[in-house]
Number of protein chains: 2
Amino acid sequence: MLSNENLPPCPVETTLMLMGDKWKVLIVRDLLTGTKRFGELKKSLNGVSQKVLTQHLRAMEKNGLITRKVYAQVPPKVEYTLTDVGQSLKQVHDAMLEWGKAYKLKKEY
Amino acid sequence: MLSNENLPPCPVETTLMLMGDKWKVLIVRDLLTGTKRFGELKKSLNGVSQKVLTQHLRAMEKNGLITRKVYAQVPPKVEYTLTDVGQSLKQVHDAMLEWGKAYKLKKEY
DNA sequence: AGCAATAGTTACTAAATAGATACTATATTA
DNA sequence: TAATATAGTATCTATTTAGTAACTATTGCT
């Protein structure tokens with residue numbers, strides 16, 4: 001778990017530590033529309049390997065961004081959901097969404 | 001230059017392509033407070049190597065996020081400034097800043 | 001003449017990250 | 001009996017990314 005002492009002084013860097021990579025942002029994007037199963041995430045995150053997806057999900061769980069719920073079924077069922085802290089990343093996500101849209105428009109004529 | 005055809009369908013992914021890495025975000029953070037020289041950026045971006053900083057600056061210039069101005073002096077002077085498109089990343093930056101601040105507060109008691 | 005300063009480039013190496021493939025567990029179904 | 005489905009883990013390899021160190025150019029300064 002990230003403890004408070006090793007968070008960098010600049011809050012932007014804190015954010016980067018916790019979701020400063022492509023896959024984490026896309027996981028948040030997918031979970032913002034609701035709880036998802038492992039397999040659904042994998043399908044949606046085009047091209048991510050199982051190992052890498054698992055690693056990111058574990059890290060995000062550790063940092064309190066998502067919760068993991070295992071159902072005692074066969075075949076197994078595992079659901080991932082954003083915590084409140086994770087939900088609050090919506091603002092960051094939306095800013096990125098808007099910027100990306102605007103950038104695309106600029107490139108079109 | 002990124003042409004329109006190879007931008008991903010999801011705008012969030014577009015944003016990630018253009019500044020989805022730590023150094024680029026921090027370069028934007030620094031340039032949001034005004035034009036900076038190469039050496040100033042290097043000092044501020046703790047630990048970045050000259051090579052990597054140059055690479056990122058070149059990529060961001062190519063993508064229209066910053067402009068590079070060389071002064072015909074010796075020793076050389078090169079200034080980097082956000083373009084309008086680059087400036088518009090302030091929203092994304094600010095969202096990350098706010099989220100990082102809130103996250104830190106949650107971790108303190 | 002030789003050094004300092006700035007913003008690089010180049011070549012080589014190291015570290016981090018990701019991918020590929022094979023393997024596991026187990027109740028249900030054919 | 002054997003295949004199927006899901007969510008992994010383990011191991012090995014490949015790719016990407018970054019770091020290190022040496023080198024360049026040019027003018028002013030000592």
Side-chain angles (χ1 to χ4, degrees), chain A residues 2 6 8 12-13 15-31 34-63 65-82, chain B residues 2 6 8 12-13 15-31 34-63 65-82:
Chain A
L2 264 180
N6 50 28
V12 172
E13 295 185 41
T15 305
L16 287 171
M17 281 185 65
L18 296 172
M19 73 148 207
D21 88 66
K22 179 183 156 174
W23 293 128
K24 290 201 180 70
V25 173
L26 297 181
I27 290 168
V28 168
R29 175 195 65 185
D30 283 0
L31 294 183
T35 296
K36 296 273 180 311
R37 294 183 61 173
F38 184 87
E40 293 179 284
L41 288 172
K42 186 161 183 301
K43 215 167 297 167
S44 169
L45 271 52
N46 222 295
V48 75
S49 70
Q50 220 154 348
K51 189 194 69 173
V52 169
L53 179 54
T54 302
Q55 280 173 356
H56 284 296
L57 290 170
R58 292 285 184 280
M60 293 171 76
E61 195 191 359
K62 236 177 142 187
N63 292 327
L65 304 184
I66 61 176
T67 54
R68 178 169 180 270
K69 187 171 177 188
V70 183
Y71 291 82
Q73 299 181 358
V74 166
K77 175 178 173 183
V78 180
E79 283 183 348
Y80 292 93
T81 310
L82 289 175
Chain B
L2 266 180
N6 50 28
V12 172
E13 294 185 40
T15 305
L16 287 171
M17 281 185 66
L18 295 173
M19 73 150 209
D21 88 66
K22 180 184 156 175
W23 292 128
K24 290 201 179 70
V25 174
L26 297 181
I27 289 168
V28 168
R29 176 195 65 186
D30 283 1
L31 293 184
T35 295
K36 296 271 180 312
R37 294 184 61 174
F38 183 87
E40 294 179 283
L41 288 172
K42 187 161 184 300
K43 216 168 295 166
S44 169
L45 271 51
N46 222 294
V48 75
S49 69
Q50 219 154 351
K51 189 194 69 171
V52 169
L53 179 54
T54 302
Q55 281 173 355
H56 284 297
L57 290 170
R58 292 286 184 279
M60 292 171 77
E61 196 191 359
K62 234 176 141 187
N63 292 327
L65 303 184
I66 61 175
T67 54
R68 180 170 179 269
K69 185 170 180 191
V70 183
Y71 290 83
Q73 299 180 357
V74 168
K77 175 178 172 182
V78 180
E79 283 183 348
Y80 292 93
T81 310
L82 290 175

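Side chains included, hydrogens not; waters and symmetry mates left out as well; all remaining heavy atoms used. The chains referred to below are lettered A, B, ... by the order of the sequence lines, with proteins before strands, and numbering in each begins at 1.
The strand DNA chain C forms stems, runs of 3 or more Watson-Crick or G-U wobble pairs with distances below 3.5 Å, at C:1-30 with D:1-30.
Taking atom CD of Gln55(A) as the reference point, atom P of dG8(D) lies 13 Å away to the nearest angstrom. In this structure, Trp23(B) atom CH2 and dG19(D) atom C1' are separated by 11 Å, rounded to whole Å. dA7(D) atom C1' lies 14 Å from atom CD1 of Ile66(A), rounded to whole Å. The CD-C1' distance, from Gln73(B) to dG8(C), rounds to 15 Å in whole Å. Going from atom CZ of Phe38(A) over to atom P of dT6(D) covers 12 Å, rounded to whole Å. Whole-Å rounding puts the Lys36(B) NZ to dT6(C) C1' distance at 18 Å. Atom CG in Leu53(A) sits roughly 17 Å away from atom C1' in dA10(D) (whole-Å rounding). If you take CG of Leu57(A) and P of dT6(D), they are 17 Å apart, rounded to a whole angstrom.
For dT6(C), the OP1/OP2 oxygens have no side-chain nitrogen or oxygen of Arg37(B) closer than 4.0 Å. At dA18(C), one or more side-chain N or O atoms of His56(A) fall inside 4.0 Å of OP1 or OP2 (strictly under the cut-off). Within the structure, every side-chain polar atom (N or O) of Arg68(B) is placed at least 4.0 Å from both OP1 and OP2 of dA7(C). Note on Tyr71(B): every side-chain N or O is 4.0 Å or more away from OP1 and OP2 of dT26(D).
Seen from the ring of Tyr71(B), Lys77(B) counts as a face-on cation partner, given the 6.0 Å and 45° thresholds.
If Pro75(B) and Val74(A) are placed on DNA chain D by their nearest nucleotide, the residue sitting closer to the 5' end is Val74(A).
Considering only heavy atoms from C-beta on, Val78(B) stays 4.5 Å or farther from Arg37(B) through its side chain. Side-chain contact between Glu13(B) and Val25(A) is absent, with no heavy atoms from C-beta onward closer than 4.5 Å. When side chains are defined from C-beta on, Trp23(B) does not count as touching Leu53(B), because their heavy atoms never get closer than 4.5 Å. Looking at heavy atoms from C-beta onward, Leu57(B) lies in side-chain contact with Leu41(B) at the 4.5 angstrom threshold.
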*Is there a side-chain contact (heavy atoms from CB on, under 4.5 Å) between Asp21(A) and Lys22(B) once you walk through the steps?*
CA-CA 8 Å; Asp21(A) 88 66; Lys22(B) 180 184 156 175; over 6 Å; no
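Within the 3.5 Å criterion, the main-chain N or O of Glu40(B) finds no donor-acceptor partner in the side chain of Ser44(B).
With sequence neighbours excluded, no residue forms a side-chain hydrogen bond (donor to acceptor under 3.5 Å, both in side chains) with Ser49(B).
Comparing dT9(C), dT9(D), dA5(C) by their nearest atom to the side chain of Arg58(A) picks out dT9(D).
Partner of Tyr80(A) under the side-chain hydrogen bond (donor to acceptor under 3.5 Å, both in side chains) criterion, chosen from Lys36(A), Glu61(A), Arg68(A): Arg68(A).
Sorted by residue number, the members of residues 39-52 of chain A with any non-hydrogen atom under 4.0 Å from DNA chain C read Gly47(A), Ser49(A), Lys51(A), Val52(A).
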